[in-house]
Every structure is written in structure tokens, then in C-alpha cells.
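Chain identifiers are assigned alphabetically (A, B, ...) following the order of the sequence lines, protein sequences preceding nucleic acid strands; residue numbering begins at 1 within each chain.
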Amino acid sequence: MRQIPPGISGLTVDQMRRIQAELAPRVRVEDALGTVRWIAGVDVAYTETHAIGAAVLLDAETLEVAQEATAIRPLETDYEPGLLSFRELPAALDALAQLPEPDLVFCDGNGLAHPRRFGLACHLGVLTDLPTLGVAKSRYLGQHDVIAEPRGSWRPVLDAGDIVAHALRTQDGVRWVYVSPGHRISLDTATTWALRTATEARIPQPTRLADHLANRTRRER
DNA sequence: GCGACAG
DNA sequence: ATCTTGTCGC
């Protein structure tokens with residue numbers, strides 16, 4: 001029952017939403033991860049016709065890059081709010097599969113902060129059964145109060161009565177990001193890792209370096 | 001009915 | 001996401 005990777009082509013919007021609803025119950029929002037020694041960052045860049053996936057493996061302690069991998073896939077679906085994972089996962093999974101198994105995966109987008117509580121990070125987590133978290137650069141849904149200016153300040157993001165993410169300021173005075181659990185991790189732990197790895201910029205290093213690799217690969221092609 | 005809407 | 005260089009501001 002591979003709910004995604006090969007041939008997504010034929011799926012309708014309704015079918016994709018149905019798959020999300022079916023897989024959502026498999027998401028585990030409690031901490032079910034061991035010692036985090038290796039972190040992977042995954043991202044996807046696009047051309048007119050293809051998706052270029054990039055995965056980077058970093059030492060959780062030093063955040064130094066240990067290994068990189070890329071993959072390219074023909075685009076199979078247009079972007080549709082709520083269905084981002086169906087567009088990004090094929091290339092993202094192909095790239096990730098080329099690396100040694102990480103202890104935690106950072107995704108570029110949301111996890112629980114999704115209408116059906118099954119964003120990109122949840123989907124990738126359930127399919128691989130790896131601990132995952134999502135970091136989104138802009139708001140998708142939910143409401144939150146003003147975030148204080150100092151790095152590390154955060155406020156819960158509420159949607160339909162659920163706390164689905166934390167709006168977290170990762171650097172003094174820069175715009176905040178939205179952190180949410182993907183799979184096998186709690187919101188608090190996800191927030192801690194996001195802040196801990198946002199050492200050089202607003203975006204945590206795993207996601208940031210994967211983004212760089214994806215774009216570098218796209219330009220050199 | 002109207003507006004919002006990860007990447 | 002992508003199309004694109006320099007430039008205004010701290």
C-alpha cells in the first residue's frame with residue numbers, strides 16, 4: 001500500500017484528500033525518537049516540467065554536512081493548497097532514500113498545521129516512519145498572538161481549537177516561522193530542534209541547506 | 001456569498 | 001514555487 005511515490009498522476013483532488021484522511025490517524029504526535037545524532041533536511045525546487053528533490057545529512061551536534069543527494073522527477077500534479085505533499089514527495093523521497101537513515105527529518109512546509117492535520121511533514125513521516133517536523137515560512141492556517149522580538153520567542157497557533165504549530169522567532173527582529181510536528185515528535189520537541197538548528201539564519205540549517213542544494217542543482221542543469 | 005490559501 | 005539586479009535601510 002504505497003500511497004504515493006510512483007505514479008500519482010491519475011489521482012483526483014478528492015482521491016488525494018481521501019488518502020490524507022486515511023493516513024492521518026497513523027501520525028504520532030508524541031516523542032518517539034531516540035538520540036538525535038543525524039538530521040536530514042529535505043526540499044524541492046522546480047522547473048517548468050520537473051521537480052528537483054534535495055536531501056542533506058548533517059551532524060546534529062555540529063550541523064556540519066556529512067552527505068548530500070538529489071533526484072529529479074517529472075511534475076505530476078499542480079500545486080493545490082492542502083495537497084502540497086503530493087507534488088513534493090516523489091522527488092523528496094527519492095533524494096532522501098539515497099542517504100543513510102537519519103534520526104530526524106526537517107521538511108520545508110507544515111506538518112500538523114493542515115486542514116486534515118496531515119501536511120507534508122506528516123505525510124513524509126508516515127510513509128518512511130521516521131521522526132519528522134515541518135518549518136513553514138508563511139502562515140497557512142490558524143491564528144496567533146504577537147510574537148515578542150527576541151530570538152526564541154514563540155506563541156501557539158490555534159486552528160479550530162487545536163494548537164497545531166508554534167509561531168517561532170528564530171532570530172532577533174526577523175520574521176517568525178511556523179513549526180509543527182510531522183511524525184513521532186511533540187510540538188515542544190520540534191520547536192526546540194528548530195530553534196537549536198537556526199544558528200545562522202531565520203530558516204533552520206537542515207531546511208536551508210537542502211533549499212540551497214535544490215536550487216544549485218536546478219541552475220546547473 | 002466572500003476571502004484565504006504551506007511550496 | 002518561479003520570473004529577476006540593483007538597491008533602500010539598519
Worksheet item: Below 4.5 Å, heavy atoms only, C-beta onward: do A:Arg28 and A:Pro131 meet side chain to side chain?
Response: no
Worksheet item: Atom CD of A:Glu80 to atom C1' of C:dA1: distance rounded to whole Å?
Response: 15 Å
Practice prompt. Pick base, sugar-phosphate or nothing for A:Ala113, based on heavy-atom distances below 4.0 Å to the nucleic acid.
Written response: nothing
Worksheet item: Are any of the side-chain nitrogens in A:Arg208 or A:Glu200 under 4.0 Å away from the carboxylate oxygens of its partner?
Response: yes
Worksheet item: Looking just at side-chain N and O atoms, do A:Thr192 and A:Thr189 make a donor-acceptor pair shorter than 3.5 Å?
Response: no
Practice prompt. Look up atom CH2 in A:Trp176 and atom CH2 in A:Trp154, then write down how far apart they are to the nearest 0.5 Å.
Written response: 15.5 Å
Discussion item. Among C:dC3, B:dA6, C:dA1, which nucleotide has an atom closest to any side-chain atom of A:Ser138?
Written reply: B:dA6
Worksheet, complete the sentence: note: A:His123, atom NE2; B:dG7, atom P; distance rounded to Å ~ 18 Å
Item to complete: Take atom CZ of A:Arg219 and atom P of C:dT4, then tell me their distance rounded to the nearest Å.
Response: 14 Å
Worksheet entry | Carboxylate-amine/guanidinium contact A:Arg73 A:Asp94, below 4.0 Å | yes
Worksheet item: Heavy atoms under 4.0 Å, any strand shown: does A:Ile52 hit a base, just sugar-phosphate, or nothing?
Response: nothing
Worksheet entry | Rounded distance (Å) that lies between atom P of C:dA1 and atom NE2 of A:His212 | 11 Å
Practice prompt. Respond yes when some side-chain nitrogen or oxygen of A:Arg139 is under 4.0 Å from OP1 or OP2 of B:dC5, and no when none is.
Written response: yes
Item to complete: Answer yes or no for this row: A:Tyr140 ring on B:dA6 base, centroids under 5.5 Å, planes under 30°.
Response: yes
Check: residues 135-153 of chain A side-chain donor-acceptor pairs under 3.5 Å, at least two apart:
residue	atom	partner	partner atom	Å
A:Lys137	NZ	A:Asp108	OD1	3.0
A:Lys137	NZ	A:Asp108	OD2	3.4
A:Arg139	NH1	A:Gly142	O	2.9
A:Tyr140	OH	A:Gly82	N	3.0
A:His144	NE2	A:Tyr178	OH	3.0
A:Glu149	OE2	A:Arg169	NH2	3.3
A:Arg151	NH1	A:Thr170	O	2.9
A:Arg151	NH1	A:Ala198	O	2.8
A:Arg151	NH2	A:Leu195	O	3.1
A:Ser153	OG	A:Pro150	O	2.7

Worksheet item: Hey, does A:Asn110 reach any base, or is it just sugar-phosphate, or nothing, if we go heavy atoms under 4.0 Å?
Response: base
Worksheet item: Just how far is it from atom CG of A:Leu124 to atom CG of A:Asp129, taken to the nearest 0.5 Å?
Response: 11.5 Å
Worksheet item: A:Gly134 near the nucleic acid: base, sugar-phosphate alone, or nothing, with a heavy-atom cut-off under 4.0 Å?
Response: nothing
Fill in: Pairing stems for DNA chain B [at least three consecutive pairs; Watson-Crick or G-U; under 3.5 angstrom]
none
Discussion item. Using salt bridge (Lys or Arg N to Asp or Glu O under 4.0 Å), reason through A:Asp172 and A:Arg202 one step at a time and then give a plain yes or no.
Written reply: CA-CA 9 Å; A:Asp172 292 348; A:Arg202 175 171 84 115; over 6 Å; no
Discussion item. Just the rounded figure in Å: distance from P of B:dA6 to CZ of A:Arg117.
Written reply: 15 Å
Item to complete: With heavy atoms under 4.0 Å as the rule, sort A:Leu141 into base, sugar-phosphate or nothing.
Response: nothing
Discussion item. When you compare the side chains of A:Thr191 and A:His166, does any donor N or O come within less than 3.5 Å of an acceptor on the partner?
Written reply: yes
Worksheet, complete the sentence: The nucleotide from B:dA4, B:dG7, B:dA6 with an atom nearest the side chain of A:Asp43 is B:dG7
Practice prompt. Under 4.0 Å between any heavy atoms, over every strand shown, what does A:Asp211 touch: base, sugar-phosphate, or nothing? Just pick one.
Written response: nothing
Response to the item:
Where DNA chain C forms runs of at least three Watson-Crick or G-U pairs (i with j, i+1 with j-1, under 3.5 Å), the stems are none
Worksheet, complete the sentence: note: A:Asn215, atom CG; C:dT4, atom C1'; distance rounded to Å ~ 13 Å
Item to complete: In whole angstrom, give the distance that lies between atom NE2 of A:His114 and atom C1' of B:dC5.
Response: 11 Å
Discussion item. Please tell me if A:Lys137 has a side-chain N or O lying less than 4.0 Å from either OP1 or OP2 of B:dA6.
Written reply: no
Discussion item. With the six-membered base ring of C:dA1 as reference, does the ring of A:Tyr79 sit under 5.5 Å away with planes under 30° apart?
Written reply: no
Worksheet item: For A:Glu61, does the CD atom have more than 12 heavy-atom neighbours from other residues, nucleotides or ligands under 6.0 Å away?
Response: no
Item to complete: Between B:dG7, B:dA6, C:dC3, spot the one nearest the side chain of A:Arg218, thanks.
Response: C:dC3
Response to the item:
A:Ala71 and A:Ala95 have their tightest heavy-atom pair at CB-N, 3.7 Å
Fill in: Nearest-angstrom distance from the residue atom CD of A:Glu88 to P of C:dT2
10 Å
